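For reference, the structure discussed in these notes is given below.
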Amino acid sequence: MGGGVLSQLLGFCFWGFLWLAGPVRVYSGGPGTLGAGEAAVTVDGTAAIAATDEDFVCATLDWWPPEKCDYGTCSWGLASLLNLDLSNPVLLNAIKAFSPLKLRLGGSLQDKVIYDTGEPKQPCPQFTKSTSEVFGFTQGCLPMPRWDELNEFFKKAGAVIIFGLNALNGRVPLKDGSLGGPWNYTNAASLIRYTVNKGYTIHGWELGNELSGSGVGAKIGADQYAADVISLKSIINDIYEDYPDKPLVLAPGGFFDSQWFSEIISKTKPNSLDVITHHIYNLGPGVDQHLIEKILNPSYLDGEASTFSSLQNILKTGGTSTTAWVGEAGGAYNSGHHLVTDSFVFSFWYLDQLGMSARYDTKTYCRQSLIGGNYGLLNTTTYHPNPDYYSALLWHRLMGKHVLSTSFTGTNMIRAYAHCARESQGITLLLINLSGNSTTQVYISTQTAYSLKHEHHLGARRTRFNHIPRFRKTTEFTREEYHLTGKDGDLHSQTMLLNGDILAVDSHGNIPELDPVKVDAAQPITVAPFSIVFAHIPYFYAPACR
């Protein structure tokens with residue numbers, strides 16, 4: 001017998017043993033085979049359906065001054081790029097824990113920022129509150145000493161940086177209310193040149209913030225925007241001429257508009273635009289009193305799928321190499337809502353967004369914000385992590401870049417996503433229980449193990465055993481589970497529990513260890529009411545994860 005055939009046969013026998021040993025439960029009869037409080041998640045590990053960047057999880061840093069207020073609440077404090085305390089040990093440790101964390105620097109005021117490079121020579125004003133100005137503030141400025149401090153900090157933290165450039169320089173008002181004329185890139189190019197001369201590493205340069213489609217405060221037509229993107233690409237190719245790896249060109253950092261996005265893709269193809277970025281605030285204004293109802297409504301959560309699907313269709317049919325990112329997502333606009341978007345309940349929305357966007361081949365997802373507003377991953381005053389920080393960190397450490405097709409049989413209040421495990425064998429399964437009343441026992445089902453060329457020989461044996469939930473094992477198989485809940489079962493809690501233990505930084509500002517519990521592989525995954533479970537299943541055979 002040839003070595004290759006023997007190896008294949010031994011592998012087939014091994015996975016057949018795992019099936020009989022009971023790590024997965026196979027259903028052939030559909031929902032009727034499930035008992036009360038039971039459900040089955042089926043993961044197809046044959047081939048990946050999408051792929052993310054390795055550093056899929058991203059967070060934003062903004063420009064808002066302390067005077068930024070919404071609905072009578074001023075929630076930004078000293079969280080601006082201009083005044084953030086870069087010496088805070090919790091901030092440094094929180095970023096370093098990701099190794100790396102992608103950071104997008106930008107936001108509403110980025111198109112009112114000038115760079116004090118001396119080219120052109122101009123004053124360097126600070127943002128000043130003014131009700132007559134767009135976004136309520138006058139023009140601001142980034143001093144180069146502060147840019148130096150930021151880059152030193154980013155290098156120390158191991159962050160991957162995306163910088164949002166001011167795209168409004170040189171514009172003139174048009175009759176239709178939009179802004180026209182070509183982008184005056186003199187100041188932006190001088191910042192890029194300064195950055196390169198200093199040896200600072202920038203992963204990407206993004207043009208503009210929320211100027212696409214109908215815009216927010218200001219808008220630019222897609223035809224002109226495409227020409228400006230091509231100009232930015234030319235600037236980067238010129239300044240980085242001697243660099244083999246050039247930064248990405250990203251745009252427009254705005255809300256999805258099918259016609260506008262289609263036009264910019266058409267006019268920048270095949271490779272002038274590396275990444276098309278869109279923003280998500282699908283829950284409405286932060287002042288909305290029904291945010292939690294929306295977050296816990298599976299039909300409402302499903303609504304965002306149409307945006308991801310439409311954008312992917314544009315890219316797949318557009319003859320372009322451009323990929324899609326979510327460049328900014330805070331869920332509820334105008335700085336979010338205290339004790340909702342900075343509490344445990346928001347992890348239901350956030351993790352579902354990560355899972356859904358990845359399924360539609362989104363490469364990176366940037367959360368608004370790392371710190372600042374009422375939706376920061378870190379508390380604006382103490383810098384200590386809010387619950388979503390730990391959700392983001394667990395995703396980053398457990399969910400690999402290859403996305404697997406996942407279907408769930410049972411209650412519609414469970415959301416299920418699966419990826420190849422990150423830097424480990426098998427897969428990681430994410431289960432989100434939107435119900436506060438029901439505990440669900442979830443069995444893991446797969447047909448991957450039987451997708452080998454010998455599968456047809458197993459037909460009769462599968463029928464005989466497919467109703468046996470567990471089988472006496474001679475070898476021990478376990479999986480690792482991470483159960484997330486709010487303290488005291490409170491959805492509004494800003495303290496998250498991992499397997500029943502409080503997650504908190506220590507007195508030195510160190511991020512806590514995120515340790516799993518080991519569970520017998522023959523047992524179903526118990527998903528408690530209002531809880532989230534990551535389950536790393538190393539024995540799951542998935543050819544897509546080789």
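Remember, it's a predicted structure, so these values are computed and weren't measured experimentally. What you see below is based on every heavy atom in this structure, not just the backbone, and it leaves out hydrogens, waters and symmetry mates.
For Phe98 and Tyr389, the ring centers are positioned less than 6.0 Å apart. Two rings, from Trp260 and Tyr225, have their centers less than 6.0 Å apart. In this structure, Tyr417 has its ring center at least 6.0 angstrom away from the ring center of Trp395.
Asp176 CG: more than 12 foreign heavy atoms inside a 6.0 Å radius. Annotation for Tyr281: atom OH counts as buried by contact number, over 12 foreign heavy atoms lying within 6.0 Å. More than 12 heavy atoms of other shown residues, nucleotides or ligands fall within 6.0 angstrom of atom CD in Glu67.
Side-chain atoms of Trp349 and Asn282 include a donor-acceptor pair closer than 3.5 Å. Between the side chains of Thr117 and Ser190, at least one donor N or O sits under 3.5 Å from an acceptor N or O. Ser347 and Asp388 form a side-chain donor-acceptor contact under 3.5 Å, judged by distance and modelled atom types alone. Side chains of Gln368 and Thr60: a donor-acceptor N/O pair is present below 3.5 angstrom, by distance only.
Side-chain contact check for Thr320 versus Leu273: every heavy-atom pair is 4.5 Å or farther apart. Counting heavy atoms from C-beta on, the side chains of Leu283 and Ile295 come closer than 4.5 Å.
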Stepwise salt bridge (charged side-chain N to carboxylate O under 4.0 Å, His left out) check, Asp148 with Arg146: CA-CA 5 Å; Asp148 296 337; Arg146 180 60 177 180; over 6 Å; no

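A salt bridge does not link Asp62 to Lys68: none of the charged side-chain nitrogens sits closer than 4.0 Å to a carboxylate oxygen. By the 4.0 Å N-to-carboxylate-O rule, Arg193 lies too far from Asp238 to be salt-bridged with it. Ion pairing of Lys102 with Asp53 is present here, as a side-chain N (NZ or NE/NH1/NH2) and a carboxylate O approach within less than 4.0 Å. Look at Arg171 and Asp228 and you find a salt bridge, because one of the NZ, NE, NH1 or NH2 atoms lies within 4.0 Å of a carboxylate O, short of that distance.
Phe346 approaches Thr341 most closely through the heavy-atom pair CD2-O, 3.4 Å. The shortest non-hydrogen separation linking Thr380 to Ser75 is OG1-O, 3.7 Å. Taking both residues in full, the closest heavy atoms of Ser272 and Val229 are given as O-CG1, 3.9 Å, listed atom of the first, atom of the second, then distance.
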